[in-house]
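This is a predicted model, so every value here is computed, not measured. Chain letters run A, B, ... following the sequence lines, proteins first, then strands; residues in each count from 1.
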There are 2 protein chains.
Amino acid sequence: MQSPVPHELPIYRRIADRLRQAIQAGEFHDGDRLPGENALMAEYGIARATARQALSVLINEGVAVPRRGSGVYVRQFRPIRRHGSRRLSRERWGTGRAIWDGDTAGRPYTVDELEIAREPAVDEAARVLGCAEVWVRRRRYSVDGRPVQLAASCFPAELVEGSPVTRPDTGPGGVYARLRDLGHAPAHFTEEVRARMPAPEERDRLGLSAGTPVIVVCRTAFAAGGEAVELNTMIMDAASYVLQYDFDA
Amino acid sequence: MQSPVPHELPIYRRIADRLRQAIQAGEFHDGDRLPGENALMAEYGIARATARQALSVLINEGVAVPRRGSGVYVRQFRPIRRHGSRRLSRERWGTGRAIWDGDTAGRPYTVDELEIAREPAVDEAARVLGCAEVWVRRRRYSVDGRPVQLAASCFPAELVEGSPVTRPDTGPGGVYARLRDLGHAPAHFTEEVRARMPAPEERDRLGLSAGTPVIVVCRTAFAAGGEAVELNTMIMDAASYVLQYDFDA
DNA sequence: GAGTGGTCTAGACCACGAC
DNA sequence: TCGTGGTCTAGACCACTCC
């Protein structure tokens, strides 16, 4: 049977809409199993590919997550709150309370896949840092055993050569304290925030399922003299993060 | 023929990867037409559904955009730079200039679908603003004729009742200048940034193609006394925006 | 072993855009 | 009119999960 009546939504969209509404209405909770392909085929009398198409809508929206050999499940969302400018904490603003309370504060980060190398500067790094070679610190952050962020920090090679910045253990206070020791303490930051779908490599390294965007934060640290001393590109699982920025009028 | 040899990527993924690399290598430029379903079927000797699946990978990644009756094209990316902290400085709205002037780098914007209503406060608005009723200003912004942002500003109903905030034309300096007139000038802002795939209604109103996330910015404005005076939820086409935040160490 | 999602084939009719 | 993408059917074999 050929169905598509012109002025109506296609079957797979209607099924997807109905499932989405059921989720929002609380008929399915986070982590619940949704009707599978076979169930949809039986319930609506449709072909396998059509049932798959309906589920793929929800999967590509990030509403549902498929598990091989098991089923399709409602996605869970437990964001980490990342403060851009922490010194302007919201406690100062008494009545103001966070809008998405992620009780995720205090969960420990782990760093794996740390990789440090001296490389030719490319693209933005060369332009922003104004140098031909950089030391790069690449690492992956995980929370609760799940990878959530890929980060790559670039420093002007001449500036940090021989310092702990080029070694795995940077000591207390991290690279910013070391930049300070070198007489180039960061005094100002600029962060650029974008969102997009991940490249395949990013999807693999972050263990992202379909329908999960990444937030790309590109932070430049400037010393008091105005010269850029670090360019840090962070790629975050959008389902794991809420970024918070505070500033005065 | 049944293909999936365990240790290899499926055909459709290999085709998608190859096309993606060709795009990144500059073989296809922004707006170029990619090989269509028929071309892929012929080139690789595959079924229609498999060719579609390969193209759908790129489409869901936001790399390509399908056009009915025409073909599949490489997506174009022309972001608007939105300044988080600079644009909200008192110099801007204090002198009667619209905040949005600084956003679009000279490209003209339009506001359509403006809708103002007094409503019961729901969810976050009730909690953050601490009131039972709010005035809501909903609008859609377009740049170059393309919708790029949906925004909904909530104000405590008692606070703004009878003021220009409840009317379409808010006068010079916009709602922040009017809040100042009411003795509740915004002194501090908190912005929460998230990214996710759009709901169907958002996708329609913003004219988003598949594979385009939205950036959700939830901004709370606080008066000097610490009370929240506005909650503004902005939903932006992620392909049209770069958010910039500046702050000192 | 039964059930699930993942991949693939080989057809079909439709709406739309370009010519 | 013809080619394009959009939707749909009715099968198939596979790898994986759960029992």
Side-chain angles (χ1 to χ4, degrees), chain A residues 1-19 28 31-60 63-75 200 203-204 207-211, chain B residues 1-17 19 31-60 63-75 200 203-204 207-211:
Chain A
M1 204 197 322
Q2 295 317 105
S3 45
V5 183
H7 297 305
E8 287 182 10
L9 282 175
I11 296 178
Y12 77 96
R13 286 271 271 127
R14 291 206 302 268
I15 296 173
D17 288 351
R18 198 193 275 205
L19 285 173
F28 299 99
D32 278 2
R33 188 178 183 283
L34 293 172
E37 298 175 357
N38 294 332
L40 293 180
M41 289 168 68
E43 184 178 354
Y44 293 96
I46 54 175
R48 179 114 194 273
T50 308
R52 280 183 72 74
Q53 205 172 2
L55 290 171
S56 78
V57 169
L58 300 180
I59 290 166
N60 280 321
V63 171
V65 177
R67 282 190 226 154
R68 231 198 174 97
S70 175
V72 178
Y73 296 81
V74 179
R75 156 171 253 156
R203 212 196 49 230
D204 292 344
L208 303 177
S209 53
Chain B
M1 203 195 326
Q2 294 317 105
S3 46
V5 182
H7 297 305
E8 286 182 12
L9 283 176
I11 297 178
Y12 77 96
R13 286 269 271 126
R14 292 207 301 268
I15 296 173
D17 288 351
L19 286 173
D32 278 1
R33 188 179 184 280
L34 293 173
E37 299 176 356
N38 294 331
L40 293 180
M41 290 168 67
E43 184 177 352
Y44 294 95
I46 55 176
R48 181 112 193 275
T50 308
R52 279 183 73 73
Q53 204 172 3
L55 290 171
S56 78
V57 169
L58 301 179
I59 291 166
N60 280 321
V63 170
V65 178
R67 281 190 227 154
R68 231 195 181 111
S70 175
V72 179
Y73 296 82
V74 179
R75 158 172 249 155
R203 210 196 50 231
D204 292 344
L208 302 176
S209 53

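Across the helix from dG1(C)-dC18(D) to dA18(C)-dT1(D), the helix axis at one end is tilted relative to the axis at the other end by 10° (nearest 10 degrees, each axis from five pairs).
The backbone N or O of Val65(B) lies less than 3.5 Å from no partner atom in the side chain of Arg75(B), so there is not a single donor-acceptor pair.
Using a 4.5 Å heavy-atom cutoff, the side chains of Leu55(B) and Leu19(B) are in contact.
If you take CD of Gln53(A) and C1' of dC8(D), they are 8 Å apart, rounded to a whole angstrom. The distance between atom CG of Leu40(B) and atom C1' of dT9(C), rounded to the nearest whole Å, is 16 Å. Between Tyr44(B) atom OH and dC8(C) atom P the separation is 13 Å, expressed in whole Å. Rounded to whole angstrom, the span from the CG atom of Leu9(A) across to the P atom of dT7(D) amounts to 10 Å. Straight-line distance from the OH atom of Tyr12(A) to the C1' atom of dG6(D): 7 Å, rounded to whole Å. Computed from coordinates, the Asn60(B) CG to dG6(D) C1' distance equals 14 Å when rounded to whole Å. Rounding to whole angstrom units, CE of residue Met41(A) and C1' of dG11(D) are separated by 10 Å.
Evaluation of the side-chain contact (heavy atoms from CB on, under 4.5 Å) rule for Arg52(A) yields Glu37(A), Arg48(A) as partners, not counting sequence neighbours. Not a single side chain to side chain donor-acceptor pair (under 3.5 Å) links Arg13(B) to another residue, sequence neighbours left out. Arg68(A) pairs by the side-chain contact (heavy atoms from CB on, under 4.5 Å) definition with nothing, not counting sequence neighbours. Contacts of Ala210(B) classified as side-chain contact (heavy atoms from CB on, under 4.5 Å), with partners at least two apart in sequence or in another chain: Ile59(B), Asn60(B).
Counting heavy-atom neighbours within 6.0 Å of Arg14(A) CZ, excluding the residue itself, gives a total above 12.
Heavy-atom minimum distance, Leu58(B) versus Ala16(B): CD2-O, 3.7 Å.
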Atom pairs under 3.5 Å, N or O on each side, protein against nucleotides 2-5 of chain D: can you list them with distances?
| from | atom 1 | to | atom 2 | distance (Å) |
| --- | --- | --- | --- | --- |
| dG3(D) | N2 | Gly69(B) | O | 3.1 |
| dT4(D) | OP2 | Asn38(B) | ND2 | 2.3 |
| dT4(D) | O2 | Gly69(B) | N | 3.4 |
| dG5(D) | OP2 | Glu37(B) | N | 3.0 |
| dG5(D) | N7 | Arg48(B) | NH2 | 3.1 |

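Mapping Ile59(B) and Gly45(A) onto DNA chain D via the closest heavy atom, the residue that lands nearer the 5' end is Ile59(B).
To the nearest 0.5 angstrom, Tyr44(B) atom OH is 5.5 Å from Ile15(B) atom CD1.
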